[in-house]
Amino acid sequence: MNGMRAITTAGYVGLLRPAPGTWGSALAVGLAVALHALGGFPTLLLATLLSFALGLWAVARDTAGAADPDRSEIVIDEVVGQWVTLLPFSGLLWAHGIGGTILPWPGLLGGFLFFRLFDIWKPWPIRVFDRMKTPFGVMADDVVAGVFAALTLLATGGIAHGFLR
């Protein structure tokens, strides 16, 4: 296996069956916890931006000439989308001075489930990016799914904690 495949499959996690996207998302949650513990929200944000750029580059190289670059084993997009989902959660905790080692499990589980829901369902405009069949589309549909999931996580967290009553 080559280096490009190691990136696009998120360390070959994308080769796990069944449901490689779910495995990639689960990996991303664990990595988000570690990144948040290492440096809080800024570290997770930087990792997300760098991984998007690296993923875009690697997907373009790994799928050059392919009719459909969005093969199921490519899960770097799930990693980035899952991190986009968890960024506001991490940011709120970090902004309130809550220690870097704390990412409460209800938010992590909710973020995971909401991201998987939007990534599989692909409502508009996620579907628009998914249909592009380009490396940018591969990455962008998961980023937009992550934004939808993040907003849903923030709203449900707000309701659960009495902020949206």
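We use all heavy atoms of the structure for the numbers below, so side chains are in, but hydrogens, waters and symmetry mates are not.
- Between the CE atom of Met4 and the CG atom of Leu54 there is a distance of 8.5 Å, given to the nearest 0.5 Å.
- From Leu151, atom CG reaches atom OG1 of Thr85 across 9.5 Å, with rounding to the nearest 0.5 Å.
- Separating the CZ atom in Phe41 from the CG atom in Leu92 is a distance of 9.0 Å, to the nearest 0.5 Å.
- Heavy atoms only, all atoms of each residue included: Thr43 and Leu38 are closest at OG1-C, 4.5 Å.
- In this structure, CG in Leu44 is found 9.5 Å from CG in Leu49, a value given to the nearest 0.5 Å.
- Closest approach of Ala28 to Gln82, counting heavy atoms only: CB-CB, 3.6 Å.
- Legend: side chain to side chain donor-acceptor pair (under 3.5 Å) pairs involving residues 128-139, not counting sequence neighbours: none detected.
- In terms of heavy-atom proximity, Thr63 sits nearest to Val59 at OG1-O, 2.5 Å.
- Among pairs with a residue in residues 47-62, those fulfilling side chain to side chain donor-acceptor pair (under 3.5 Å) read Thr8-Asp62, Asp62-Arg71, at least two apart in sequence or across chains.
- Ring planes of Phe52 and Phe136: perpendicular class, angle over 60° (limits at 30 and 60°).
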Sequence neighbours left out, cut at 3.5 Å: what donor-acceptor pairs do the side chains of residues 117-128 make with other protein atoms?
from	atom 1	to	atom 2	distance (Å)
Asp119	OD1	Lys122	NZ	3.1
Asp119	OD2	Arg116	NH1	2.7
Lys122	NZ	Asp119	O	2.6
Lys122	NZ	Asp141	OD2	2.9
Arg127	NE	Lys122	O	3.4

Please assess Leu108 against Leu86 for the test side-chain contact (heavy atoms from CB on, under 4.5 Å), listing each intermediate value before the final yes or no.
CA-CA 7 Å; Leu108 293 172; Leu86 297 174; 4.1 Å; yes
Fill in: Candidate pair Ile74 and Ile76, rule side-chain contact (heavy atoms from CB on, under 4.5 Å), full reasoning
CA-CA 6 Å; Ile74 295 174; Ile76 188 64; 4.3 Å; yes
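- One distance of note links CG of Leu109 with CG of Leu153; it measures 10.0 Å at 0.5 Å rounding.
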